Amino acid sequence: MSDPWDGPAGQATRSRGRRVPGQRTAGQGEARPPGGRVVAARGRGGKSSGPVRPMGRGRRLLRTAAMCLSVLVVVTAGAGWWFYQHLNGNIRSFSLDGKGGTEKADAFGRTPINILVMGSDGRTSKTDCKLGGGCSATGVQTGSNADVQMVLHISADRSNATVMSIPRDTMTKVPACKDGESGRSTPGYYGQINSALQYGPACQVATVHQLTGIPVDHFVKLDFSGVVKMSDAVGGVSVCVSDDVYDTYSHLKLSKGTHTLKGVAALEFVRSRHGFGDGSDLGRTVSQHIFLSAMIRKFKSAGTLTDPTAVYRLSDAATKALTVDDGLDSVKKLIALADDVNKVPTRRITFATMQTAPDPADDDRVVVGAGAKALFSTIAEDQPLTTGAGKKSSASSATTKATATATASAVPASDIAVTVENGTGITGRASAVATALTGRGFGSAGTGNAPSPVTATTLTYGTGQQAAARTVATALGLPAARLRQGPGSGLTLVVGSDWPSGSSYRAASTASPADTSPADTEAAVSEAHASTADQAKSCAKVSPYKTVTLDGVPMTPAQAYAAARTQPDSDA
């Protein structure tokens, strides 16, 4: 059956009535102009080209639709290309020049990702001067410190992630560095870890790599305005505070309970160090983890990444807010990174703060504390801090110093001393393993070379010391089959060529990317304020100490809130 508007192809539409034979009508070899005069249709040379049929209404509609669609495709493609180029043009990047080391692939050829996330305190623009303050005398400044430092580790199999904060007041050795952009250089010095950023992002990465031993192959840096842009782009971040709080230094002022923070209020929250915990940078890292956990949940929530307007807003804000290394210097690379993060369930994203101890030379500074080396090793060796079901390891909630215990009989690590011998032929292996043991609370009975090279690692123990040997084996992830009873006394660990690197043993024949040593995770999270990103009900603990001043009077943040009744809340 033919279309009701058009007849068979090549024919004009016929009326339902039958025409009288021989009747001459317009359309048979002639075209009728508006005035009614019949004009013969001409072909080339003035000859008639035959009948000219009027175009059907359906064809006109189809041709119009096709033209509109073509224009739409061209415009959309052009807009998409402009959008892509626009976002790429927003990104600022620097080379790491290999300063952060190289990741090792797992048994299946998959590679983990380690990114140093830095929050800069730089007042390098009028906007950041206004947000950060401190420019009234100096004006816009040059250089900055990395007041926020977090190592983001995404496992090789993308099943889990760890975010480890390094307090800005940590004292360490900064290596020799030169900033390729500013030309500033240093031969190296001992100082506060956040100061390395003054010599460029690559120097900060090199410093963190040297301190932790963790390969760092990427970095992401945000300044004050970047935090404001990102929090606005996600539509605000929901956080909870345990009490009324007024930090007179960061200007954060919130009543007890849950708040949605945007813009400047979000910046005040993540900058507050006097409002939470003990009023130091250690308390601030915990509140920052709460903020980031909420932001991650917001990113993953239904609708956030499926709304085109929200995606554009997020993409534009992120590319304007971030400075990255040249391994992340395109929209395509950043999208791939976001996809890797998105694969990890929130219950398997663990936040932790590097364990510290007071600096003997300065009470206002800290040094690497007991347990930190275990945390570093856990990250470097791509071990998760949660179980496959997302539950915390037995030690994730530990708040006291870890004590490695044997399966059958508990023996405190502090009561055990181990002699470590190097049978690998690799210089420094005995010292490295001995250091790992002392970092987990064990004593040292010395190090040395084995009488001859050995292929299999063994732990030999004396009479009555089987339980102590099991404690050591559990701490190192050493199989029970590698324990031997000897004729003498004491414990001697001979490191074989099957354990060429790292501080946790995993034999090649039994290793699995998901393997984890319970004692390793126990030491790693002890005193690290560990939490996971799915803990939506966690509240930032307001400091009970007199950490702020108002009108020259020291008081607690809650007292300052009550006294500053005329000061509007940050989310007002």
Side-chain angles (χ1 to χ4, degrees), residues 104 106-108 155-157 373-374 377-388 393-395 402-413 415-426 429-445 447 450-488 490-524:
K104 295 182 293 184
D106 68 4
F108 300 100
S155 68
D157 63 3
K373 291 182 180 179
S377 295
T378 300
I379 295 173
E381 294 173 16
D382 196 22
Q383 293 182 269
L385 292 176
T386 57
T387 65
S393 67
S394 60
T403 300
T405 58
T407 303
S409 177
V411 178
D415 291 347
I416 304 171
V418 184
T419 299
V420 182
E421 295 182 352
N422 185 1
T424 66
I426 302 171
R429 281 301 292 145
S431 296
V433 175
T435 299
L437 282 168
T438 56
R440 294 177 177 123
F442 293 88
S444 175
T447 61
S452 61
V454 295
T455 56
T457 299
T458 58
L459 176 61
T460 303
Y461 59 90
T463 304
Q465 293 181 300
Q466 184 177 21
R470 286 176 177 170
T471 297
V472 176
T474 301
L476 297 175
L478 189 67
R482 297 304 178 89
L483 274 59
R484 306 279 190 274
Q485 181 171 353
L491 280 76
T492 300
L493 175 69
V494 179
V495 182
S497 59
D498 58 344
W499 190 7
S501 64
S503 61
S504 177
Y505 175 89
R506 286 183 293 175
S509 59
T510 59
S512 164
D515 284 349
T516 179
S517 167
D520 283 348
T521 58
E522 183 176 358

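Heavy atoms only: backbone and side chains are in, while hydrogens, waters and symmetry mates are out. Residue indices begin at 1 and follow the sequence shown. Fair warning: this is a prediction, and the values are worked out from it, not measured in the lab.
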ask   = Do the non-hydrogen side-chain atoms of Leu478 and Leu493 ever get within less than 4.5 Å of each other?
value = yes

request  = For residues Gly502 and Arg429, report the shortest heavy-atom separation together with the two atoms involved.
outcome  = O-NH2, 3.1 Å

ask   = What residues form a side chain to side chain contact (heavy atoms under 4.5 Å, CB included) with Ala469, not counting sequence neighbours?
value = Leu459, Tyr461, Leu483, Leu491

message = Taking side chain to side chain contact (heavy atoms under 4.5 Å, CB included) as the definition, give me every residue that meets it alongside Ala417, ordered by chain and number, with sequence neighbours left out.
response = Ala445

query = Roughly how far, to the nearest 0.5 Å, is the CZ atom of Arg470 from the CD atom of Gln465?
reply = 13.5 Å

query = Quick one: are Glu381 and Ser503 in side-chain contact, heavy atoms under 4.5 Å?
reply = yes

ask   = Would you call Val495 and Val420 a side-chain contact if the rule is heavy atoms closer than 4.5 Å?
value = yes

message = Could you go through Leu385 and Thr378, starting from their C-alpha distance and side-chain angles, then the distance that decides it, and tell me whether this counts as side-chain contact (heavy atoms from CB on, under 4.5 Å)?
response = CA-CA 8 Å; Leu385 292 176; Thr378 300; 3.7 Å; yes

request  = Starting at CG of Leu476, measure out to OG of Ser504 and round the result to the nearest 0.5 Å.
outcome  = 7.0 Å

message = So, taking the atom named CG in Leu437 and the one named OG1 in Thr447, what distance separates them when rounded to the nearest 0.5 Å?
response = 11.5 Å

key: Arg440 side, atom CZ; Thr435 side, atom OG1 - distance, nearest 0.5 Å   = 11.0 Å

ask   = What pair of heavy atoms forms the shortest contact from Ala467 to Val411, and how long is it?
value = CB-CG2, 3.8 Å

query = Are Thr424 and Trp499 side-chain neighbours, meaning at least one heavy-atom pair lies under 4.5 Å?
reply = no

note = Rounded to the nearest 0.5 Å, the CG atom of Asn422 sits from the OG atom of Ser497 at a distance of 10.5 Å

Separation between CD of Glu421 and OG1 of Thr460, rounded to the nearest 0.5 Å = 9.0 Å

inquiry  = Pairing donors with acceptors under 3.5 angstrom, does anything connect the side chains of Asp382 and Ser155?
reply    = no

